[in-house]
2 protein chains.
Amino acid sequence: MTTRWLTPEEQRAWRAYIAASLLLEDAIDRQLQQDAGMPHLYYSILSVLSESPERRLRMTDLAERLKITRSRLTYAVTRLEKDGLLRREACRYDKRGSIAALTDEGFAMLERAAPGHVDTVRSFLFDRLSEEQVGQLEEISAAIAQGLQEDGARPTADEVPWRRRSSPTCS
Amino acid sequence: MTTRWLTPEEQRAWRAYIAASLLLEDAIDRQLQQDAGMPHLYYSILSVLSESPERRLRMTDLAERLKITRSRLTYAVTRLEKDGLLRREACRYDKRGSIAALTDEGFAMLERAAPGHVDTVRSFLFDRLSEEQVGQLEEISAAIAQGLQEDGARPTADEVPWRRRSSPTCS
DNA sequence: TAGGTTTGTTTCAAACTTGAACCAAGCCCG
DNA sequence: CGGGCTTGGTTCAAGTTTGAAACAAACCTA
């Protein structure tokens, strides 16, 4: 079958999207690096932890929520642990498991950095969009993410949504 | 002034967006790495070059179109040059300048890789969106990008849009 | 036209990411 | 029980990105 190339509209959308996502991630990374000394992903790790029961989560669950590989998470957590912002704990129920737990220092850092971060997201993203567009963005993103989660994005034959095992947090 | 936190709608949109952009870039990177042996950015460099007059562009212009730093571009171009996919040429009009020129081999590689890449973008992005959503995505992206280009995203006091100097390609 | 500033590009070290390989520990089933 | 397969996590080398510093050529301007 012969390739179906992108229409001009799709071309424009694709390029605009690429540019926007690069610029946005860049701006956010820069702000957080400046004000909190860490890139966006690392901030997100702390943020997700802070909202989890007991402020702790198993590595795999954390990686899944953040949509990153375990390997990448391991590296990040090692750094954050070195900085004292979180601590690794053993999992009582599964001796293979390790749990990332936000420290008080980590929580404090988050509280300190959050306002600046939110301001940035607001001024670069939400201040530019109408309320309607915010809704559209969510739907579009959800559609994309959904497509990428289920099928062969990260090909693991048996990782089917209705069979999620979602191990308990061990909390 | 006290921080204006994100509304629940904004929260959802933000998280969905982060997840989608991570997953999408990941999938595209993986496909291109597999099929063309290079990450998405590197493919984009070749692609932009292929559409430029004489298939060549000055480093700074290239960096500007791709929304990346010159430093990052230098590294990428060095690698691509090593692979024989492009060549660096001196700029006749400005001895500081250097020009990246797509080689025939680079163009051939692009022709070989393009169908697979387009398929991927289509199946992970455009096949999931209605025609309307494609338009919305473009507008949203354009709005974001615009905000990030003009003001202090990359703070260079005199880099004001109406004073763009956009040096000629030396072609 | 010399000297200072700006612009175009590269370099360098430190940080981060990737993917494959590895090592346990759980699980399964004879 | 006792292998063999799966799962949770880390490790390692190679590749990439970052930001600041270095350099050189071009552009003032007095």
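Note that the coordinates shown come from a computational prediction; the quantities given were computed from them, not determined experimentally. So that the names make sense, note that chain A is the first sequence line, chain B the second, and so on, each numbered from 1.
Of the candidate nucleotides C:dC16, D:dA25, D:dG8, D:dA25 has the atom nearest to the side chain of B:Lys95. Taking every side-chain heavy atom of B:Arg79 into account, D:dT16 is the closest of D:dT16, C:dG26, C:dA15. Side-chain proximity of A:Met59 to D:dT16, C:dG8, D:dG9: nearest is D:dG9. Distance from the side chain of B:Pro39 is smallest for D:dT16 among the nucleotides C:dT17, D:dA26, D:dT16. When distances run from any side-chain atom of A:Arg70 to the nucleotides D:dG8, C:dT9, D:dT18, the shortest one goes to D:dG8. Of all nucleotides listed (D:dA25, D:dT11, C:dA25), D:dA25 comes nearest to the side chain of B:Asp94.
Among the protein residues, A:Ser98 comes within range of the sugar-phosphate backbone only, with heavy atoms under 4.0 Å from sugar or phosphate atoms but none that close to a base.
Surrounding CD of B:Glu51 are more than 12 heavy atoms belonging to other residues, nucleotides or ligands, all under 6.0 Å away.
We find that NE2 of B:His40 is positioned 18 Å from C1' of D:dG15, with the value rounded to whole Å. Between A:Tyr42 atom OH and C:dA15 atom P the separation is 10 Å, expressed in whole Å. Spacing between atom CG of A:Leu41 and atom C1' of D:dT17 amounts to 14 Å, rounded to whole angstrom units. Regarding B:Leu73, its CG atom lies at a distance of 16 Å from the C1' atom of D:dG19, rounded to whole Å. To the nearest angstrom, P of D:dT17 lies 16 Å from CD of A:Gln33. The interatomic distance linking A:Leu62 (CG) with D:dG9 (C1') rounds to 13 Å, in whole Å. In this structure, A:Arg58 places its CZ atom 11 Å from P of D:dT10, rounding to the nearest Å. One can place CE of A:Met38 at 17 Å from C1' of D:dT18, the figure rounded to the nearest angstrom.
Of the two residues near DNA chain D, A:Arg88 and A:Asp29, the one whose nearest nucleotide lies more 5' is A:Arg88.
Donor-acceptor pairing under 3.5 Å, judged by distance alone, is present between the side chain of B:Ser71 and the base of D:dG19. Remark: the B:Arg96 side chain and the C:dT7 base include a donor-acceptor N/O pair separated by less than 3.5 Å.
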Q: Tell me, with the steps shown, if B:Thr78 and B:Glu81 meet side-chain contact (heavy atoms from CB on, under 4.5 Å).
A: CA-CA 5 Å; B:Thr78 303; B:Glu81 188 172 31; 5.6 Å; no
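The side-chain heavy atoms of B:Glu138 and A:Glu9, taken from C-beta on, include no pair separated by under 4.5 Å. Within the 4.5 Å cutoff, no side-chain heavy atoms of B:Ile140 are placed close to those of A:Arg128. Annotation: side chain of A:Lys67 is in contact with side chain of A:Gln149 (closest heavy-atom distance under 4.5 Å).
The side chain of A:Tyr75 places no N or O atom within less than 4.0 Å of a non-bridging phosphate oxygen (OP1 or OP2) of C:dT17. Between B:Arg72 and D:dT18, a side-chain N or O to OP1/OP2 separation shorter than 4.0 Å is present.
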